[in-house]
*Asks:* 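Got a structure for you, written out below as C-alpha coordinates; questions coming shortly.
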Amino acid sequence: MSLAAESAHNIARVLIEALPYIRRFSGKTMVIKYGGNAMVEQPLKDGFARDIVLMKLVGINPVIVHGGGPQIGDLLKRLGKVTEFVQGMRVTDRETMDAVEMVLGGTVNKEIVNLINRHGGAAVGLTGKDGDLIHARKLVVQRDAPELAAPEILDLGHVGEVDSIDPSVVNMLVQGDFIPVIAPIGVGKDGFSYNINADLVAGKMAEVLQAEKLILLTNTAGLLDQQGELIRQLDVARVNALVAEGVIHGGMLPKTRCALEAVQGGVRAAHILDGRVEHAVLLDLFTDEGVGTLISGR
Ligand SMILES: Nc1ncnc2c1ncn2[C@@H]1O[C@H](COP(=O)(O)OP(=O)(O)O)[C@@H](O)[C@H]1O
Ligand SMILES: CC(=O)N[C@@H](CCC(=O)OP(=O)(O)O)C(=O)O
(Lines give C-alpha, C1' and ligand atoms only; values in the text may rest on other atoms or scores of the structure.)
(Ligands and ions follow the chains in the order given, each with its own letter.)
Protein backbone atom coordinates (compact mmCIF):
# COMPACT_ATOMS: atom_id res chain seq x y z
CA MET A 1 0.00 0.00 0.00
CA SER A 2 1.32 3.50 -0.84
CA LEU A 3 1.91 5.97 1.97
CA ALA A 4 -1.08 8.09 0.88
CA ALA A 5 -3.37 5.06 0.72
CA GLU A 6 -2.17 3.87 4.14
CA SER A 7 -2.84 7.29 5.64
CA ALA A 8 -6.35 7.42 4.10
CA HIS A 9 -6.98 3.89 5.43
CA ASN A 10 -5.97 5.00 8.94
CA ILE A 11 -8.32 7.99 8.79
CA ALA A 12 -11.18 5.71 7.74
CA ARG A 13 -10.37 3.30 10.60
CA VAL A 14 -10.39 6.13 13.15
CA LEU A 15 -13.72 7.45 11.87
CA ILE A 16 -15.28 3.98 11.99
CA GLU A 17 -14.01 3.44 15.54
CA ALA A 18 -15.54 6.80 16.56
CA LEU A 19 -18.92 6.11 14.95
CA PRO A 20 -20.62 4.12 17.77
CA TYR A 21 -19.48 6.71 20.32
CA ILE A 22 -20.76 9.60 18.19
CA ARG A 23 -24.12 7.80 17.88
CA ARG A 24 -24.24 7.10 21.63
CA PHE A 25 -23.32 10.62 22.73
CA SER A 26 -25.22 12.69 20.17
CA GLY A 27 -27.79 14.93 21.91
CA LYS A 28 -26.13 14.42 25.32
CA THR A 29 -24.71 17.16 27.57
CA MET A 30 -21.12 16.98 28.78
CA VAL A 31 -19.56 19.31 31.32
CA ILE A 32 -15.87 19.93 30.74
CA LYS A 33 -13.74 21.53 33.44
CA TYR A 34 -10.80 23.32 31.88
CA GLY A 35 -8.25 23.93 34.64
CA GLY A 36 -5.80 26.83 34.67
CA ASN A 37 -2.88 24.39 34.61
CA ALA A 38 -4.20 22.81 31.42
CA MET A 39 -4.30 26.23 29.70
CA VAL A 40 -0.67 26.17 28.72
CA GLU A 41 0.97 26.45 25.29
CA GLN A 42 -0.95 27.75 22.29
CA PRO A 43 -1.09 24.42 20.35
CA LEU A 44 -2.76 22.75 23.35
CA LYS A 45 -5.29 25.57 23.69
CA ASP A 46 -6.06 25.33 19.97
CA GLY A 47 -6.43 21.54 20.28
CA PHE A 48 -8.85 21.97 23.17
CA ALA A 49 -10.97 24.48 21.22
CA ARG A 50 -11.06 22.19 18.16
CA ASP A 51 -12.16 19.25 20.32
CA ILE A 52 -15.03 21.29 21.77
CA VAL A 53 -16.14 22.53 18.34
CA LEU A 54 -16.00 18.98 16.95
CA MET A 55 -18.09 17.69 19.86
CA LYS A 56 -20.71 20.34 19.07
CA LEU A 57 -20.67 19.48 15.37
CA VAL A 58 -21.41 15.79 16.08
CA GLY A 59 -24.42 16.75 18.20
CA ILE A 60 -22.94 16.74 21.74
CA ASN A 61 -23.73 19.76 23.96
CA PRO A 62 -20.48 20.79 25.67
CA VAL A 63 -20.71 23.10 28.68
CA ILE A 64 -17.34 24.51 29.80
CA VAL A 65 -16.51 25.44 33.38
CA HIS A 66 -13.05 26.95 33.65
CA GLY A 67 -10.51 27.63 36.35
CA GLY A 68 -7.57 30.00 36.22
CA GLY A 69 -5.71 29.58 39.51
CA PRO A 70 -2.21 30.22 38.07
CA GLN A 71 -3.52 33.22 36.09
CA ILE A 72 -5.03 34.75 39.28
CA GLY A 73 -1.68 34.12 40.99
CA ASP A 74 0.15 36.00 38.20
CA LEU A 75 -2.04 39.11 38.56
CA LEU A 76 -1.77 39.11 42.36
CA LYS A 77 2.01 38.88 42.03
CA ARG A 78 2.07 41.85 39.66
CA LEU A 79 -0.06 43.77 42.19
CA GLY A 80 2.44 42.81 44.89
CA LYS A 81 -0.21 40.89 46.82
CA VAL A 82 0.69 37.74 48.72
CA THR A 83 -1.75 34.86 48.25
CA GLU A 84 -2.21 31.92 50.57
CA PHE A 85 -3.97 28.56 50.18
CA VAL A 86 -5.74 26.65 52.95
CA GLN A 87 -6.81 23.09 52.16
CA GLY A 88 -6.47 23.81 48.44
CA MET A 89 -8.60 27.01 48.61
CA ARG A 90 -7.26 30.51 48.00
CA VAL A 91 -7.81 32.78 51.00
CA THR A 92 -9.84 35.56 49.36
CA ASP A 93 -10.08 39.02 50.94
CA ARG A 94 -11.94 41.92 49.27
CA GLU A 95 -8.95 42.95 47.09
CA THR A 96 -8.21 39.37 46.09
CA MET A 97 -11.88 38.91 45.14
CA ASP A 98 -11.57 41.92 42.80
CA ALA A 99 -8.55 40.28 41.16
CA VAL A 100 -10.40 36.93 40.92
CA GLU A 101 -13.34 38.60 39.17
CA MET A 102 -11.02 40.46 36.78
CA VAL A 103 -9.12 37.33 35.84
CA LEU A 104 -11.83 34.63 35.86
CA GLY A 105 -14.75 36.76 34.65
CA GLY A 106 -12.53 38.88 32.40
CA THR A 107 -9.32 37.75 30.77
CA VAL A 108 -9.53 33.97 31.13
CA ASN A 109 -13.24 33.69 30.31
CA LYS A 110 -12.95 35.88 27.24
CA GLU A 111 -9.79 34.14 26.07
CA ILE A 112 -11.60 30.78 26.05
CA VAL A 113 -14.67 32.28 24.36
CA ASN A 114 -12.49 33.84 21.68
CA LEU A 115 -10.49 30.63 21.23
CA ILE A 116 -13.61 28.53 20.62
CA ASN A 117 -15.13 31.13 18.30
CA ARG A 118 -11.95 31.37 16.23
CA HIS A 119 -12.16 27.62 15.66
CA GLY A 120 -15.72 27.82 14.34
CA GLY A 121 -17.84 27.50 17.49
CA ALA A 122 -20.26 30.01 19.00
CA ALA A 123 -19.30 30.39 22.65
CA VAL A 124 -20.88 32.71 25.21
CA GLY A 125 -19.07 33.60 28.43
CA LEU A 126 -20.86 33.79 31.78
CA THR A 127 -20.00 34.12 35.42
CA GLY A 128 -22.32 32.70 38.07
CA LYS A 129 -23.85 36.19 38.31
CA ASP A 130 -25.23 36.14 34.78
CA GLY A 131 -28.82 34.93 34.62
CA ASP A 132 -28.59 34.35 38.40
CA LEU A 133 -26.79 31.10 37.56
CA ILE A 134 -24.74 30.23 40.67
CA HIS A 135 -25.95 30.91 44.20
CA ALA A 136 -23.09 30.63 46.65
CA ARG A 137 -22.69 30.33 50.38
CA LYS A 138 -19.58 30.98 52.41
CA LEU A 139 -17.40 27.88 52.68
CA VAL A 140 -16.80 26.79 56.24
CA VAL A 141 -13.39 25.18 56.66
CA GLN A 142 -12.35 23.40 59.83
CA ARG A 143 -8.85 22.59 61.02
CA ASP A 144 -8.36 19.70 63.37
CA ALA A 145 -5.06 18.96 65.08
CA PRO A 146 -4.00 16.88 68.11
CA GLU A 147 -3.13 20.02 70.09
CA LEU A 148 -6.63 21.48 69.58
CA ALA A 149 -9.40 20.70 72.07
CA ALA A 150 -12.02 21.22 69.32
CA PRO A 151 -11.76 21.77 65.56
CA GLU A 152 -10.93 25.37 64.70
CA ILE A 153 -13.14 27.25 62.19
CA LEU A 154 -11.01 29.04 59.60
CA ASP A 155 -12.20 32.21 57.87
CA LEU A 156 -11.15 32.18 54.20
CA GLY A 157 -13.02 35.40 53.39
CA HIS A 158 -14.91 35.35 50.09
CA VAL A 159 -14.41 31.65 49.42
CA GLY A 160 -17.69 30.00 48.60
CA GLU A 161 -19.30 26.71 47.73
CA VAL A 162 -22.31 26.12 45.51
CA ASP A 163 -25.58 26.59 47.34
CA SER A 164 -27.76 26.09 44.26
CA ILE A 165 -27.67 26.48 40.49
CA ASP A 166 -30.43 27.85 38.29
CA PRO A 167 -29.49 26.42 34.89
CA SER A 168 -32.13 28.37 32.89
CA VAL A 169 -29.58 30.58 31.13
CA VAL A 170 -27.33 27.58 30.32
CA ASN A 171 -30.29 25.59 28.93
CA MET A 172 -31.31 28.56 26.81
CA LEU A 173 -27.82 28.89 25.35
CA VAL A 174 -27.54 25.14 24.68
CA GLN A 175 -30.92 25.15 22.95
CA GLY A 176 -29.68 28.04 20.80
CA ASP A 177 -26.63 25.94 19.84
CA PHE A 178 -24.22 28.15 21.78
CA ILE A 179 -21.40 26.78 23.91
CA PRO A 180 -21.62 28.19 27.47
CA VAL A 181 -18.26 29.05 29.06
CA ILE A 182 -18.70 29.52 32.82
CA ALA A 183 -16.40 31.24 35.33
CA PRO A 184 -16.67 29.86 38.90
CA ILE A 185 -17.93 32.99 40.63
CA GLY A 186 -21.15 32.91 42.64
CA VAL A 187 -23.30 35.40 44.51
CA GLY A 188 -24.37 34.93 48.12
CA LYS A 189 -27.69 35.84 49.75
CA ASP A 190 -25.67 38.71 51.30
CA GLY A 191 -25.10 40.09 47.78
CA PHE A 192 -21.33 39.50 47.92
CA SER A 193 -19.31 37.73 45.22
CA TYR A 194 -17.76 34.39 46.15
CA ASN A 195 -14.69 32.69 44.71
CA ILE A 196 -15.51 28.99 44.21
CA ASN A 197 -13.09 26.21 43.31
CA ALA A 198 -13.80 25.43 39.65
CA ASP A 199 -13.96 21.64 40.24
CA LEU A 200 -16.81 22.14 42.71
CA VAL A 201 -18.76 24.26 40.22
CA ALA A 202 -18.17 21.76 37.39
CA GLY A 203 -19.35 18.82 39.52
CA LYS A 204 -22.54 20.57 40.63
CA MET A 205 -23.20 21.89 37.11
CA ALA A 206 -22.94 18.34 35.73
CA GLU A 207 -25.33 17.10 38.41
CA VAL A 208 -27.91 19.86 37.87
CA LEU A 209 -27.78 19.39 34.08
CA GLN A 210 -27.87 15.57 34.57
CA ALA A 211 -24.93 15.44 32.17
CA GLU A 212 -23.80 12.23 30.48
CA LYS A 213 -20.22 12.95 31.55
CA LEU A 214 -18.14 15.23 33.73
CA ILE A 215 -14.68 15.65 32.21
CA LEU A 216 -11.97 17.17 34.41
CA LEU A 217 -8.85 18.30 32.54
CA THR A 218 -5.79 18.61 34.75
CA ASN A 219 -1.99 18.36 34.74
CA THR A 220 -1.46 14.65 35.50
CA ALA A 221 -2.12 11.55 33.40
CA GLY A 222 -5.20 10.98 35.58
CA LEU A 223 -5.53 9.51 39.04
CA LEU A 224 -2.27 7.81 40.05
CA ASP A 225 -1.78 4.94 42.52
CA GLN A 226 0.95 4.51 45.21
CA GLN A 227 3.48 3.59 42.50
CA GLY A 228 2.59 6.59 40.36
CA GLU A 229 0.86 4.33 37.81
CA LEU A 230 -2.30 5.53 36.08
CA ILE A 231 -5.53 4.01 37.44
CA ARG A 232 -7.71 3.47 34.38
CA GLN A 233 -11.02 2.86 36.09
CA LEU A 234 -12.34 2.83 39.64
CA ASP A 235 -15.55 2.94 41.59
CA VAL A 236 -16.72 4.90 44.61
CA ALA A 237 -15.39 2.38 47.16
CA ARG A 238 -11.84 2.39 45.69
CA VAL A 239 -11.76 6.23 45.62
CA ASN A 240 -12.72 6.32 49.30
CA ALA A 241 -10.00 3.77 50.14
CA LEU A 242 -7.34 5.79 48.25
CA VAL A 243 -8.36 8.98 50.09
CA ALA A 244 -8.11 7.16 53.45
CA GLU A 245 -4.64 5.82 52.50
CA GLY A 246 -3.49 9.34 51.61
CA VAL A 247 -2.79 8.40 47.97
CA ILE A 248 -5.24 11.09 46.85
CA HIS A 249 -4.21 14.43 48.36
CA GLY A 250 -3.86 18.15 47.62
CA GLY A 251 -5.71 19.48 44.57
CA MET A 252 -6.79 15.93 43.64
CA LEU A 253 -8.99 15.80 46.76
CA PRO A 254 -11.66 18.33 45.68
CA LYS A 255 -11.43 16.92 42.17
CA THR A 256 -12.21 13.32 43.18
CA ARG A 257 -14.77 14.49 45.76
CA CYS A 258 -16.74 16.44 43.16
CA ALA A 259 -16.42 13.57 40.66
CA LEU A 260 -17.87 11.17 43.26
CA GLU A 261 -20.71 13.50 44.17
CA ALA A 262 -21.53 13.97 40.49
CA VAL A 263 -21.72 10.23 39.71
CA GLN A 264 -23.69 9.60 42.90
CA GLY A 265 -26.01 12.44 41.84
CA GLY A 266 -26.87 10.87 38.48
CA VAL A 267 -24.02 11.84 36.13
CA ARG A 268 -23.15 8.64 34.25
CA ALA A 269 -19.35 8.92 34.52
CA ALA A 270 -16.58 11.30 35.51
CA HIS A 271 -13.25 11.34 33.68
CA ILE A 272 -9.98 12.83 34.92
CA LEU A 273 -7.80 13.56 31.88
CA ASP A 274 -4.38 15.00 31.14
CA GLY A 275 -4.96 18.46 29.69
CA ARG A 276 -1.30 18.53 28.59
CA VAL A 277 -2.01 15.84 26.00
CA GLU A 278 -3.22 17.21 22.68
CA HIS A 279 -6.86 16.22 21.94
CA ALA A 280 -7.22 14.44 25.30
CA VAL A 281 -11.00 14.93 25.23
CA LEU A 282 -11.48 13.41 21.78
CA LEU A 283 -9.10 10.53 22.50
CA ASP A 284 -11.06 9.69 25.60
CA LEU A 285 -14.55 10.04 24.14
CA PHE A 286 -14.13 8.52 20.71
CA THR A 287 -11.65 5.66 21.02
CA ASP A 288 -12.03 2.17 22.46
CA GLU A 289 -8.93 2.53 24.65
CA GLY A 290 -9.76 5.97 26.12
CA VAL A 291 -7.18 7.91 28.14
CA GLY A 292 -7.06 9.03 31.78
CA THR A 293 -9.16 7.77 34.69
CA LEU A 294 -12.82 6.85 34.59
CA ILE A 295 -14.89 7.06 37.79
CA SER A 296 -18.21 5.34 37.37
CA GLY A 297 -21.17 5.36 39.72
CA ARG A 298 -22.34 1.86 39.01
N1 LIG B 1 -3.34 10.28 43.49
C2 LIG B 1 -3.06 11.37 42.75
N3 LIG B 1 -3.01 11.25 41.40
C4 LIG B 1 -2.73 12.33 40.62
N5 LIG B 1 -2.48 13.58 41.12
C6 LIG B 1 -2.52 13.76 42.44
C7 LIG B 1 -2.82 12.67 43.31
N8 LIG B 1 -2.82 13.14 44.59
C9 LIG B 1 -2.51 14.44 44.51
N10 LIG B 1 -2.33 14.85 43.23
C11 LIG B 1 -1.99 16.22 42.83
O12 LIG B 1 -3.16 16.89 42.35
C13 LIG B 1 -2.78 17.80 41.31
C14 LIG B 1 -3.99 18.19 40.46
O15 LIG B 1 -4.80 19.09 41.20
P16 LIG B 1 -4.75 20.69 40.92
O17 LIG B 1 -3.34 21.16 41.01
O18 LIG B 1 -5.75 21.34 41.80
O19 LIG B 1 -5.19 20.72 39.40
P20 LIG B 1 -6.09 21.75 38.55
O21 LIG B 1 -5.41 23.10 38.63
O22 LIG B 1 -6.07 21.15 37.20
O23 LIG B 1 -7.47 21.77 39.16
C24 LIG B 1 -1.70 17.04 40.57
O25 LIG B 1 -0.85 17.87 39.85
C26 LIG B 1 -0.95 16.31 41.72
O27 LIG B 1 0.09 17.12 42.20
C1 LIG C 1 -11.44 29.13 46.22
C2 LIG C 1 -10.41 28.92 45.15
O3 LIG C 1 -9.32 28.46 45.44
N4 LIG C 1 -10.75 29.27 43.90
C5 LIG C 1 -9.88 29.14 42.78
C6 LIG C 1 -10.69 29.42 41.54
C7 LIG C 1 -9.98 29.10 40.27
C8 LIG C 1 -9.72 27.62 40.07
O9 LIG C 1 -10.31 26.74 40.68
O10 LIG C 1 -8.77 27.39 39.13
P11 LIG C 1 -8.01 26.03 38.74
O12 LIG C 1 -9.04 25.03 38.34
O13 LIG C 1 -7.13 26.45 37.62
O14 LIG C 1 -7.23 25.59 39.96
C15 LIG C 1 -8.68 30.13 42.89
O16 LIG C 1 -8.83 31.23 43.42
O17 LIG C 1 -7.60 29.76 42.39
Side-chain angles (χ1 to χ4, degrees), residues 32-40 44 48 64-77 81 83-93 95-109 111-112 127-128 134 136-141 154-162 182-186 193-203 214-232 234 238-259 271-276 280 292-293 295:
I32 299 114
K33 189 262 173 159
Y34 191 31
N37 280 315
M39 293 171 207
V40 288
L44 281 177
F48 167 79
I64 316 298
V65 174
H66 66 83
Q71 293 78 355
I72 297 168
D74 286 347
L75 178 62
L76 289 172
K77 201 164 157 194
K81 200 156 165 64
T83 193
E84 187 199 342
F85 283 84
V86 172
Q87 296 177 22
M89 303 288 166
R90 184 189 308 278
V91 179
T92 307
D93 62 11
E95 271 185 357
T96 304
M97 191 64 228
D98 285 346
V100 167
E101 291 215 65
M102 282 182 221
V103 174
L104 295 184
T107 39
V108 171
N109 186 274
E111 186 187 351
I112 299 169
T127 74
I134 304 171
R137 58 173 175 250
K138 191 175 163 84
L139 181 73
V140 177
V141 175
L154 305 173
D155 186 358
L156 307 191
H158 288 258
V159 174
E161 61 183 328
V162 177
I182 302 164
I185 295 166
S193 303
Y194 282 92
N195 175 15
I196 314 177
N197 175 286
D199 294 331
L200 301 183
V201 171
L214 165 66
I215 298 171
L216 300 161
L217 285 172
T218 187
N219 62 346
T220 60
L223 196 55
L224 309 177
D225 66 14
Q226 288 91 331
Q227 284 74 41
E229 299 285 328
L230 175 68
I231 304 172
R232 298 301 307 267
L234 73 176
R238 175 108 195 267
V239 173
N240 287 332
L242 289 172
V243 170
E245 289 163 22
V247 176
I248 297 176
H249 55 90
M252 200 43 84
L253 272 175
K255 217 176 285 301
T256 43
R257 200 180 313 128
C258 81
H271 300 244
I272 299 175
L273 304 185
D274 195 341
R276 303 163 308 175
T293 300
I295 301 177

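Both ligands and their constituent atoms are indexed starting at 1 by order of listing. Everything numeric here is computed off the predicted structure, so don't read it as measured data.
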*Asks:* To the closest 0.5 Å, what do you measure between CG (Leu139) and CG (Asp155)?
*Replies:* 10.5 Å

*Asks:* Do Leu273 and Ile215 make a side-chain contact, defined as non-hydrogen atoms from C-beta onward lying under 4.5 Å apart?
*Replies:* yes

*Asks:* For atom 9 (O) of ligand 2, what's the nearest protein heavy atom and its distance?
*Replies:* Ala198 N, 3.0 Å

*Asks:* Taking C-beta and beyond as the side chain, do Leu242 and Leu234 meet within less than 4.5 Å on heavy atoms?
*Replies:* yes

*Asks:* Gly67 heavy atoms, cut-off 4.0 Å: which ligand 2 atoms fall inside?
*Replies:* 8 (C), 10 (O), 11 (P), 12 (O), 13 (O)

*Asks:* State the atoms of ligand 2, each with its element, that fall below the 4.0 Å cut-off from a heavy-atom position in Val159.
*Replies:* 1 (C)

*Asks:* Could you tell me whether the side chain of Pro70 reaches within less than 4.5 Å of the side chain of Asn37, counting heavy atoms only?
*Replies:* yes

*Asks:* Report yes if Gly36 has an N/O atom closer than 3.5 Å to an N/O atom of ligand 2; otherwise report no.
*Replies:* yes

*Asks:* CG of Leu230 to CG of Leu223: how many Å apart, nearest 0.5 Å?
*Replies:* 8.0 Å

*Asks:* Is it the side chain (CB and beyond), the backbone, both or neither of Ile196 that lies under 4.0 Å from ligand 2, heavy atoms counted?
*Replies:* backbone

*Asks:* Does either side chain, that of Glu101 or that of Ser193, offer a donor lying less than 3.5 Å from an acceptor on the other one?
*Replies:* yes

*Asks:* With a 4.5 Å cut-off on side-chain heavy atoms, are Met97 and Ile185 touching?
*Replies:* yes

*Asks:* Does Val100 reach the side chain of His158, with side-chain heavy atoms less than 4.5 Å apart?
*Replies:* no

*Asks:* List the closest protein heavy-atom neighbour of atom 6 (C) of ligand 2: residue, atom name, distance to the nearest 0.1 Å.
*Replies:* Asn195 OD1, 3.4 Å

*Asks:* Does the side chain of Asp93 come within less than 4.5 Å of Lys81's, by heavy atoms?
*Replies:* yes

*Asks:* Would Gly68 count as a contact of ligand 2 if the rule is a heavy atom under 4.0 Å away?
*Replies:* yes

*Asks:* Identify, by atom number and element, the atoms of ligand 2 in contact range of Met89, meaning under 4.0 Å from any of its heavy atoms.
*Replies:* 1 (C), 3 (O)

*Asks:* So which protein heavy atom does atom 12 (O) of ligand 2 come closest to, and at what separation?
*Replies:* Lys33 NZ, 2.6 Å

*Asks:* Can you list the ligand 2 atoms lying under 4.0 Å from a non-hydrogen atom of Gly35?
*Replies:* 12 (O), 13 (O)

*Asks:* Kindly indicate whether the side chain of Met252, heavy atoms from C-beta on, has any atom under 4.5 Å from the side chain of Thr220.
*Replies:* yes

*Asks:* Show which atoms of ligand 2 fall inside a sub-4.0 Å distance from at least one heavy-atom site of Ile72.
*Replies:* 15 (C), 16 (O), 17 (O)

*Asks:* Do any pairs count as a salt bridge (Lys or Arg N to Asp or Glu O under 4.0 Å) and have a residue in residues 241-255, sequence neighbours left out, and if so which ones?
*Replies:* Asp199-Lys255

*Asks:* Pairs of nitrogen or oxygen atoms closer than 3.5 Å, one from Pro70 and one from ligand 2: do any exist?
*Replies:* no

*Asks:* Show me, by chain and number, every protein residue that has a heavy-atom distance under 4.0 Å to ligand 1.
*Replies:* Lys33, Asn37, Asp199, Leu217, Thr218, Asn219, Thr220, Gly222, Leu223, Leu224, Val247, Ile248, His249, Gly251, Met252, Lys255

*Asks:* Give, for atom OG1 of Thr92 and atom CZ of Phe85, the distance between the pair rounded to the nearest 0.5 Å.
*Replies:* 8.0 Å

*Asks:* Taking side chain as C-beta onward, heavy atoms only, is Thr256 less than 4.5 Å from Ile272?
*Replies:* yes

*Asks:* Considering only the protein, which heavy-atom contact is closest to atom 17 (O) of ligand 2, and what is its distance?
*Replies:* Arg90 NH2, 3.0 Å

*Asks:* Strictly under 4.0 Å, does any heavy atom of Leu156 approach an atom of ligand 2?
*Replies:* no

